[in-house]
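Down below is the structure, laid out as structure tokens.
Indexing begins at 1, ligand by ligand and atom by atom, following the structure's order. Not measured: the values here are computed from a predicted model.
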Amino acid sequence: MASLARTLLLAGALPLASLVSAQTLVVDGVEIPANEKTVAPAGEIIDDLVLPEEFQLTDDALANLTALQLSEIELFGFGDESSAKRAASGDCKTYPGDALWPSKLVWKVFNLLTGGALIETVPIGAVCYKTSGHYDAAACENLLATWTDGKTHSDHPTSVMSSLYQGMTCLPQKATDDGICEIGGYPVYTVKATTVSQIQLAINFARTLNLRLVVHNTGHDFLGKSTGYGSLSIWTHNLKTIKYIEKVVTPSYTGKAFKIGAGVQVGELYAAAHKQGLTAIGGECKDVGVTGGYTQGGGHSPLSGVHGLGADQVLSIDVVLPNGRFVTADEKQNKDLFWALRGGGGGTFGVVTSMTVKAHPKTRFAGVTWAASFSANQTELFWQGVEAYWRHFPEYAALGTYGYSTIFSMGEAGSTWTMNPWTVPGYTLDQFKAMSAPLFAQWKAMGFEVNPTYFEHDNFYDTWSNHFPTETVGNFNLHTASRLFPGKNWESEETLNNTIAALKAVGQAGSAIIQYNMNPAKPAGTPDSAANPAWRDAIMFGIFGGMWFDGMTKEEIGAFNNKITHEWMESLRQVTPGGGGYGNEGDVMEPDFAQAFYGSGYDRLLSIKNAVDPWSTFWAPTAVGSEGWYITGQETWLTTQTGKLCRK
Ligand SMILES: Cc1cc2nc3c(=O)[nH]c(=O)nc-3n(C[C@H](O)[C@H](O)[C@H](O)COP(=O)(O)OP(=O)(O)OC[C@H]3O[C@@H](n4cnc5c(N)ncnc54)[C@H](O)[C@@H]3O)c2cc1C
Ligand SMILES: *[C@@H]1O[C@H](CO)[C@@H](O)[C@H](O)[C@H]1NC(C)=O
Ligand SMILES: *[C@@H]1O[C@H](CO)[C@@H](O)[C@H](O)[C@H]1NC(C)=O
Ligand SMILES: *[C@@H]1O[C@H](CO)[C@@H](O)[C@H](O)[C@H]1NC(C)=O
């Protein structure tokens with residue numbers, strides 16, 4: 001805190017023009033470069049002793065700058081009731097080219113105040129375009145070779161894994177190709193955040209100037225929630241602190257925990273927990289951010305059958321609110337926020353800077369994987385085999401199972417079933433085999449075979465590193481949607497038959513089915529959260545959808561997208577009335593997203609959103625409160641982030 005105030009004072013001691021043009025500071029008569037070490041130090045978190053929250057923006061620091069007559073400083077002040085009233089006017093956010101868009105000089109002041117953390121966007125694909133000014137043949141080759149790795153994108157300040165929502169205006173291309181790289185739906189500027197104060201400055205700046213603000217962590221989002229045309233983005237990826245806490249006591253929990261920065265990724269948390277001989281909760285993909293979209297959106301995990309959702313692990317949350325204030329939300333303070341931030345969706349209520357999450361004891365695992373193919377003349381047998389498996393779901397879910405597999409039936413090209421994996425936390429291999437034996441016996445009797453590979457480990461980390469797939473990303477012609485299937489659908493033969501018939505019909509029509517057999521019930525004693533209530537009695541989670549191909553006309557692509565949202569998904573909505581889908585892996589076109597992704601919690605979420613963000617500083621597609629706004633220039637069948645954000 002002291003350092004930021006000190007350095008702001010140093011900055012203010014110079015005439016604005018020389019400060020901005022020279023990008024230097026004069027300290028004791030010596031000119032030094034203005035960068036994140038000199039202006040807002042703690043760019044790097046060297047050890048646990050220096051935490052991002054040690055650098056906060058305060059009223060005192062701002063008052064000192066005002067006293068020094070830095071007129072732009074009001075742009076960085078905190079929000080209050082009177083600014084909320086002013087914010088109600090104005091139809092669209094402020095964009096490049098608008099009269100009120102900040103000048104280059106103001107961006108430079110902002111950059112200096114953040115300690116040189118402002119990055120002007122260069123699209124990741126620019127290295128592949130000769131006219132981009134960033135052409136680099138070797139870097140382009142490398143990008144093409146690593147495009148489907150999550151890390152390629154999560155290490156980049158603005159790249160998103162689903163380029164579809166960015167407008168695909170600068171996809172990497174073979175270096176010999178022509179073409180123009182445009183910024184499209186990428187932000188204009190990004191703040192590479194390593195301190196709380198930088199996040200506060202960015203939020204205050206965006207709110208005051210009515211800029212489109214985006215929060216970007218890894219760029220995994222499937223709905224375009226972490227990008228936006230003409231925006232200022234806050235990049236949380238470098239907030240990497242992981243702190244082990246031997247004993248945390250809250251009203252509902254006493255035990256071990258980790259305090260993790262907003263940039264910590266699933267694989268990093270898993271490794272830290274393994275090192276302590278413990279188990280932590282995250283998704284199956286190693287690059288997803290733990291505290292970002294994953295936990296804030298609910299978060300399912302291989303241990304969900306035992307420990308519930310990612311949101312159920314959270315003990316405390318540090319967050320910068322839309323008014324710029326830094327607060328902690330837990331069971332005792334800011335309780336509404338604590339409820340909302342656990343499942344109510346990312347990019348909505350503020351920027352989370354860290355979370356304290358439960359650490360569980362070491363857990364053994366046993367399970368199976370397979371990769372089975374069936375030729376076209378076995379399609380009927382394929383569906384019989386899948387159906388036999390589906391019928392067992394309640395019994396496996398009750399044991400805490402996590403069965404994650406993908407089935408894909410491609411007509412003449414046959415069918416595939418990849419099990420990746422099916423496992424039960426706490427089980428020995430003998431127990432696992434005893435559980436699955438009746439199904440394998442049924443399959444044997446019908447002549448259905450999958451060639452299982454069994455495994456057994458005494459800890460989660462080895463299970464996860466060895467038997468989970470390396471997820472590939474970077475598709476730009478893929479539209480997915482999801483649905484949660486409640487256990488009650490299995491209770492009567494009639495509803496079960498209808499459910500199976502609907503699933504089968506969608507699969508036979510060409511949808512991939514990525515399915516999870518698990519029940520993420522809320523563990524006893526866990527405080528209530530905003531996570532979609534539809535998760536709690538679900539025993540199956542399914543992701544559906546498909547890809548289109550080069551050469552399809554716009555009309556054909558539109559018809560395909562409409563088929564996913566309005567035909568395939570409608571038949572699944574009909575067999576799960578009043579149910580929902582998972583917003584983090586949902587359809588950006590979900591017809592009633594509020595009901596589907598948030599369920600009965602929506603009204604409370606909306607009132608919390610309106611209370612903490614009367615300015616609508618935060619907005620993301622399908623986020624709470626997003627229905628009051630639209631993106632200009634969109635097709636009826638897909639909302640991307642390539643246009644202006646305007647009030648309806
Ligand atoms: C390959 C792959 C595998 C996946 N596996 C799983 C899985 O096993 N289980 C599961 O539940 N989900 C899974 N997901 C979905 C994943 O949970 C979502 O994509 C999630 O939104 C990713 O969050 P992120 O922060 O990493 O990504 P981003 O795209 O960077 O952000 C996602 C959203 O969160 C917001 N956000 C990010 N950080 C913050 C912050 N600090 N404060 C406030 N808002 C923030 C962003 O604004 C955006 O709205 C998977 C996705 C992919 C692509
Ligand atoms: C503001 O300026 C005064 C006078 O120079 C100084 O004593 C004080 O520490 C400053 N406050 C902050 C928060 O930097
Ligand atoms: C099914 O098709 C495969 C190859 O597509 C062929 O080898 C096999 O003989 C066929 N089986 C029957 C029973 O027709
Ligand atoms: C449900 O499906 C099974 C298997 O196809 C069938 O035997 C049974 O008669 C069906 N029951 C009802 C109530 O439709």
Side-chain angles (χ1 to χ4, degrees), residues 148-150 153-154 158-162 165 193 199 213-228 233-237 239 261-266 281-302 304 309-311 317-320 341 345-355 373-379 381 384 387-388 391 402 404 412-414 468-475 478 480 482 492-501 514 516 520 531 535 541 543 582-586 618-623 626:
T148 60
D149 296 354
H153 307 276
S154 62
T158 54
S159 191
V160 284
M161 301 184 201
S162 301
Y165 299 98
I199 296 171
L213 182 69
V214 157
V215 189
H216 184 100
N217 185 17
T218 65
H220 268 86
D221 198 81
F222 285 114
L223 296 81
K225 291 174 80 173
S226 41
T227 196
S233 171
I234 297 173
W235 188 33
T236 57
H237 173 71
L239 292 159
V264 171
Q265 289 167 279
V266 168
I281 306 296
E284 34 85 23
C285 172
K286 78 173 194 295
D287 294 310
V288 166
V290 184
T291 77
Y294 173 79
T295 296
Q296 291 177 56
H300 63 81
S301 121
S304 281
L309 294 170
I317 304 171
D318 290 342
V319 55
V320 183
L341 285 167
T348 310
F349 305 99
V351 177
V352 167
T353 60
S354 69
M355 285 187 182
S373 309
F374 305 85
S375 52
N377 58 18
Q378 294 174 299
T379 300
L381 178 65
Q384 277 169 14
E387 177 170 343
R391 287 184 179 269
Y402 174 78
Y404 165 34
E412 282 307 303
F468 280 65
T470 306
E471 304 275 356
T472 59
V473 301
N475 289 306
L478 173 71
T480 51
S482 71
S492 91
E493 203 171 84
E494 194 193 337
T495 54
L496 178 55
N497 283 4
N498 290 341
T499 305
I500 286 173
I514 301 173
Y516 298 80
W535 270 117
F541 168 56
I543 302 176
Y582 178 33
N584 275 353
E585 300 183 308
F618 289 82
W619 186 91
T622 74
S626 61

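The closest approach between any non-hydrogen atom of Arg391 and ligand 4 is below 4.0 Å.
Residues Val473 and Phe222 are not in side-chain contact: their nearest non-hydrogen atoms beyond the backbone lie 4.5 Å or more apart. In this structure, the side chains of Arg391 and Ile500 come closer than 4.5 Å at one or more pairs of heavy atoms. Looking at heavy atoms from C-beta onward, Tyr404 lies out of side-chain contact with His300 at the 4.5 angstrom threshold.
Under a 3.5 Å cut-off, the side chain of Thr295 and the backbone N or O of Val290 do form a donor-acceptor pair. No donor-acceptor pair closer than 3.5 Å links the side chain of Tyr165 to the backbone N or O of Thr227. Looking only at distances, a side-chain donor or acceptor of Ser482 sits under 3.5 Å from a matching main-chain atom of Glu585. Panel note: side chain Tyr582, backbone Gly299; a donor-acceptor pair is recorded below 3.5 Å.
Remark: ligand 4 and Glu494 share no N or O pair separated by less than 3.5 Å (distance only, no angle test). At least one N or O atom of Asn497 sits closer than 3.5 Å to an N or O atom of ligand 4.
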Full working for side-chain contact (heavy atoms from CB on, under 4.5 Å) between Val352 and Ile317: CA-CA 7 Å; Val352 167; Ile317 304 171; 3.8 Å; yes
Worked verdict on Leu239 versus Ile199 for side-chain contact (heavy atoms from CB on, under 4.5 Å): CA-CA 11 Å; Leu239 292 159; Ile199 296 171; 4.1 Å; yes
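Contact residues of ligand 3 (protein heavy atom closer than 4.0 angstrom to a ligand atom; sorted by chain and number): Ser375, Asn377. Closer than 4.0 angstrom to ligand 1 lie heavy atoms from Val215, His216, Asn217, Thr218, Gly219, His220, Asp221, Phe222, Lys225, Ser226, Thr236, Ala262, Gly283, Glu284, Cys285, Val288, Gly289, Gly292, Gly293, Tyr294, Gln296, Gly299, His300, Gly346, Gly347, Gly350, Val351, Val352, Glu471, Val473, Tyr582, Asn584, Glu585.
Ring geometry, Trp235 versus His237: the interplanar angle falls under 30°, so the pair is classed parallel (tilted spans 30 to 60°).
Judged by distance alone, the side chains of Ser354 and Asp318 do bring a donor and an acceptor atom under 3.5 Å apart.
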